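Computed from a predicted structure; not experimentally measured.
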Amino acid sequence: MTTNTISTRRLTVLALLAAIATILMYFELPIPFMPPFLKLDISAVPVMIGSFMFGPIAGLTIAGIKAVIQAFSTQTGGVGELADFIITGSFALTAGIVYRFHRNKTGARLAAVCSIFVITIVGCVANWFILLPFYKNIMPIDAIIAACSALNPYITDASGYIWFGVLPFNLLKGTVICLLTFALYKRLSVSIHHYTELDKPKKAQ
């Protein structure tokens, strides 16, 4: 099989993962005691699988495709999609980079820990500098905080929203995504690697 065929098959898998990620984005679950704006979805799982399987750039590409597709039906003028791309992209990029240099169980665990840390920090930064300023233009900040405080009394201002809302939410989200990725990756990787002919050739006997 030619290199072009291999590349085409790899692109097909990446497109499929991006499509699955886009669909999963529309299935959101509210989390008890969390601000109403923060809902859990598992759309980053296909992104992480692609990053582990094909490398960090592939994961970033899947996250980018998902964000672009969602932008066509945006309700935030692309702001939400930009923030999601930054958060999900940094998550997958970190995992892919770590795993590329340590392709074993220990490396996978290390990649998960590092990516959870990154999504937690980047999520806080993206919310503070991108999402909160956007929502302030839609409704008064006092109304936003009041809606959050009704579910979590520790949220009394914008800083509280980050510390007691965004931070634990992204910590939980990152953990759930990593656990699901671990559960699915081994089952999918053999079949996908075989399809794209990425398996290492057997040594001559």
Side-chain angles (χ1 to χ4, degrees), residues 1 3 5-25 27-29 31 38-67 84-126 166-205:
M1 185 173 292
T3 301
T5 304
I6 295 173
S7 298
T8 300
R9 289 193 170 192
R10 181 181 296 202
L11 288 174
T12 300
V13 173
L14 292 180
L16 179 60
L17 290 173
I20 294 172
T22 302
I23 294 171
L24 290 176
M25 186 69 183
F27 295 90
E28 300 176 320
L29 294 175
I31 306 298
L38 302 176
K39 295 181 180 181
L40 181 64
D41 71 80
I42 58 172
S43 62
V45 171
V47 180
M48 289 290 283
I49 290 175
S51 190
F52 274 122
M53 199 167 294
F54 301 116
I57 300 302
L60 196 63
T61 300
I62 296 170
I65 294 173
K66 176 171 75 79
D84 178 71
F85 170 69
I86 292 173
I87 295 170
T88 304
S90 64
F91 187 49
L93 196 62
T94 301
I97 290 173
V98 174
Y99 189 64
R100 165 164 284 188
F101 291 101
H102 306 279
R103 298 188 70 86
N104 51 45
K105 290 184 178 179
T106 301
R109 295 189 186 100
L110 179 61
V113 171
C114 291
S115 60
I116 291 171
F117 174 79
V118 167
I119 195 177
T120 302
I121 300 303
V122 174
C124 291
V125 173
V166 175
L167 190 149
F169 170 78
N170 281 290
L171 184 62
L172 172 64
K173 180 177 180 178
T175 301
V176 170
I177 290 171
C178 284
L179 290 175
L180 288 174
T181 300
F182 284 161
L184 295 171
Y185 177 70
K186 282 299 181 183
R187 299 179 183 182
L188 296 174
S189 61
V190 174
S191 297
I192 293 178
H193 278 157
H194 177 72
Y195 173 74
T196 56
E197 292 200 0
L198 293 176
D199 293 354
K200 294 180 180 180
K202 294 182 179 180
K203 294 181 179 179
Q205 299 295 323

(request) With sequence neighbours excluded, give me every salt bridge (Lys or Arg N to Asp or Glu O under 4.0 Å) pair touching residues 45-57. (result)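 Every pair satisfying salt bridge (Lys or Arg N to Asp or Glu O under 4.0 Å) with a residue in residues 45-57: there are none.
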(request) Can you run down the salt bridge (Lys or Arg N to Asp or Glu O under 4.0 Å) pairs that involve residues 49-58, sequence neighbours left out, and say none if there aren't any? (result)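 Not a single pair qualifies under salt bridge (Lys or Arg N to Asp or Glu O under 4.0 Å).
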Minimum heavy-atom separation for [X] and [Y], please, with both atom names.
X	Y	value
Arg103	Met53	NH2-O, 4.4 Å
Ala92	Ser51	O-OG, 2.7 Å
Phe182	Ala108	CZ-O, 3.4 Å
Val47	Ala63	CG1-CB, 4.1 Å
Gly123	Val166	O-CG1, 3.6 Å
Ile119	Gly174	CG2-CA, 4.1 Å

Can you list everything that forms a side-chain contact (heavy atoms from CB on, under 4.5 Å) with [X]? Sequence neighbours excluded, please.
X	value
Leu184	Val45, Ile49, Leu188
Leu172	Ile31, Val176
Leu93	Pro56, Leu60, Ile97
Leu16	Ile20

How far does [atom1] of [X] sit from [atom2] of [Y], to the nearest 0.5 angstrom?
X	Y	atom1	atom2	value
Ile121	Ile116	CD1	CD1	12.5 Å
Thr8	Leu11	OG1	CG	6.5 Å
Leu40	Leu29	CG	CG	6.0 Å
Ser43	Glu28	OG	CD	8.5 Å
Ile62	Met48	CD1	CE	11.0 Å

(message) Does anything in residues 89-121 form a ring pair (Phe, Tyr, Trp, His ring centres under 6.0 Å)? List the pairs, not counting sequence neighbours.
(response)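 Output for this query lists Phe52-Tyr99.
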(request) Give every residue pair that meets the side-chain hydrogen bond (donor to acceptor under 3.5 Å, both in side chains) criterion with at least one member in residues 168-178, sequence neighbours excluded. (result)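 Qualifying pairs, neighbours excluded: none.
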(request) List in chain and number order the residues that pass side-chain hydrogen bond (donor to acceptor under 3.5 Å, both in side chains) with Asp84, two or more places apart in sequence or in another chain; answer none if no residue qualifies. (result)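 Partners of Asp84 under the side-chain hydrogen bond (donor to acceptor under 3.5 Å, both in side chains) test: Lys66, Thr88.
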